[in-house]
Engineer: 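Sharing a structure with you now.
Since we're looking at a predicted model, the values are computed, not measured. Labels below follow one simple rule: chain letters A, B, ... track the order of the sequence lines, proteins then strands, and each chain is numbered from 1.
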2 protein chains.
Amino acid sequence: MGIIRKTKSVKKILNEFQVESKALSTLDLIHRFEAEFNKTTIYRVLDKLEDDGVLHSFQGKNGVKWYAKCEDCTEHKHSDIHPHFQCLSCGQTDCLDFSIHIPKIPNREVSFSQFLLQGRCEKCLV
Amino acid sequence: MGIIRKTKSVKKILNEFQVESKALSTLDLIHRFEAEFNKTTIYRVLDKLEDDGVLHSFQGKNGVKWYAKCEDCTEHKHSDIHPHFQCLSCGQTDCLDFSIHIPKIPNREVSFSQFLLQGRCEKCLV
DNA sequence: CTGTTAATGCAACTGAGTTGCAAATAAAGC
DNA sequence: GCTTTATTTGCAACTCAGTTGCATTAACAG
């Protein structure tokens, strides 16, 4: 069950994803909004936005969950499967805009995938 | 810094990865050896085996860390980058034996990747 | 404005993983 | 086999990311 009421927290969190076009971790958001919202609220709102197909999530390397905006997903179908890149220097994480071709795997049914790349981003590659 | 002494725990954990050719989670191993070794030991030994390039690790979906045997890796070079598949029914997780072609990403340096697929395995696809 | 109910904040919690330190033990040398 | 050294182990306590229950607050419909 997703978002039912457009609360202050829903609006502000969504705005954050609109303003920046990169992935944000749960900790990012908890820090940014710590004066305004409880971390419980952050976790719950992110959960609901994912249920609604507005955001998608992936596990970062050290056990932290990241979220990014979906393109063209709905509540029932997450079709936006693409790699994510996390910079090991500055920590910034964003979606890469190429698709991974997953070959048909015999005798298995794939319903979810996540692909995480790590290294150094443009700003840190000096 | 990796393994220096061939202790009982090192031998038994390595044997577990020899016997089964699939990935094992930290929790799998903690449960299997709970009568014999402390979970601290399990975590430490896995860490050291990864340092040595004997095992590689990846994050499962729900924050649990998984390990699998490496092929041809050493302490200094992890060259064994391949997808992992986790069954959402039985939980079994193993390495898939195809490579993913990562296109050259402009202005970034990739030093690590992990690719997790989830769905249903052969046994659970009925 | 009122009533309903979803959302929020809080404290306490869970679970995966980590740390510090004393005790145990693997290995080398004799 | 014994001694010494240094690594490893087990334990208790911890951290951290995320979750839960419940009383209070606030969004929304009328």
Side-chain angles (χ1 to χ4, degrees), chain A residues 1-17 23-52 54-68 75 84 86 91 93 112 114 116 118, chain B residues 1-16 23-52 54-68 75 84 86 91 93 114 116 118:
Chain A
M1 176 64 96
I3 296 290
I4 293 174
R5 296 177 180 178
K6 288 292 174 74
T7 60
K8 228 167 98 174
S9 57
V10 167
K11 287 172 181 169
K12 292 203 166 201
I13 288 170
L14 271 179
N15 185 61
E16 215 68 17
F17 284 99
L24 297 167
S25 69
T26 47
L27 301 189
D28 280 339
L29 292 161
I30 287 167
H31 288 323
R32 290 186 195 198
F33 291 115
E34 74 186 325
E36 279 186 88
F37 306 119
N38 195 267
K39 67 170 181 167
T40 304
T41 300
I42 308 287
Y43 283 108
R44 283 170 174 154
V45 169
L46 291 170
D47 248 359
K48 288 177 187 298
L49 290 170
E50 183 172 26
D51 281 350
D52 284 342
V54 175
L55 301 177
H56 67 274
S57 70
F58 57 96
Q59 282 286 120
K61 185 72 159 101
N62 296 318
V64 173
K65 206 166 181 183
W66 290 75
Y67 286 83
E75 189 177 352
H84 299 101
Q86 179 172 36
T93 300
F112 172 89
Q114 76 166 38
L116 179 69
Q118 277 182 330
Chain B
M1 175 63 96
I3 295 292
I4 295 176
R5 295 179 181 177
K6 289 296 176 71
T7 59
K8 226 167 99 176
S9 57
V10 168
K11 288 173 183 170
K12 291 202 167 201
I13 288 170
L14 272 178
N15 186 63
E16 215 69 16
L24 296 167
S25 70
T26 48
L27 301 189
D28 281 340
L29 292 162
I30 288 166
H31 288 323
R32 289 188 196 195
F33 291 116
E34 74 185 326
E36 278 185 270
F37 306 120
N38 194 267
K39 66 169 180 167
T40 304
T41 300
I42 308 286
Y43 283 108
R44 284 172 175 152
V45 169
L46 291 171
D47 248 359
K48 288 177 188 298
L49 291 170
E50 182 172 27
D51 280 351
D52 283 343
V54 175
L55 300 177
H56 66 274
S57 70
F58 56 96
Q59 283 288 118
K61 187 72 160 99
N62 297 317
V64 173
K65 207 168 180 180
W66 289 75
Y67 287 85
E75 189 176 353
H84 298 101
Q86 180 172 34
T93 300
Q114 76 165 37
L116 180 69
Q118 276 183 330

Engineer: Of all residues at least two apart in sequence or in a different chain, which pass the ring-ring contact (aromatic ring centres under 6.0 Å, His included) check with A:Phe33?
Structural biologist: A:Phe37

Engineer: Hey, are the side chains of B:Arg32 and B:Leu24 touching, using non-hydrogen atoms and a 4.5 Å cut-off?
Structural biologist: yes

Engineer: Rounded to the nearest Å, what distance is computed from the NZ atom of residue A:Lys12 to the P atom of nucleotide C:dA7?
Structural biologist: 19 Å

Engineer: Which residue pairs satisfy the salt bridge (charged side-chain N to carboxylate O under 4.0 Å, His left out) criterion with at least one member in residues 35-44 of chain B, sequence neighbours excluded?
Structural biologist: B:Lys12-B:Glu36

Engineer: Taking only side-chain N and O atoms of A:Tyr43, does any of them lie within less than 4.0 angstrom of OP1 or OP2 on D:dT19?
Structural biologist: no

Engineer: Would you kindly give the NZ-to-C1' distance between A:Lys6 and C:dT5, to the nearest whole Å?
Structural biologist: 18 Å

Engineer: Summarise how protein sits on nucleotides 7-15 of chain D as a single string, 5' to 3': B when a protein heavy atom is under 4.0 Å from the base, S for sugar-phosphate-only contact, - for no contact.
Structural biologist: BSBBBB---

Engineer: Just how far, in rounded Å, is C1' of D:dC16 from NZ of A:Lys65?
Structural biologist: 16 Å

Engineer: I need the CD1-C1' distance between B:Ile30 and C:dA16, as an integer number of Å.
Structural biologist: 8 Å

Engineer: At 4.0 Å (heavy atoms only), tell me whether B:Leu27 reaches a base, stays on the sugar-phosphate, or touches nothing.
Structural biologist: sugar-phosphate

Engineer: Between the side chain of B:His56 and the main-chain N/O of B:Ala68, is any donor-acceptor distance below 3.5 Å?
Structural biologist: yes

Engineer: Nearest whole angstrom, please: distance from the P of C:dA7 to the CG of A:Leu49.
Structural biologist: 11 Å

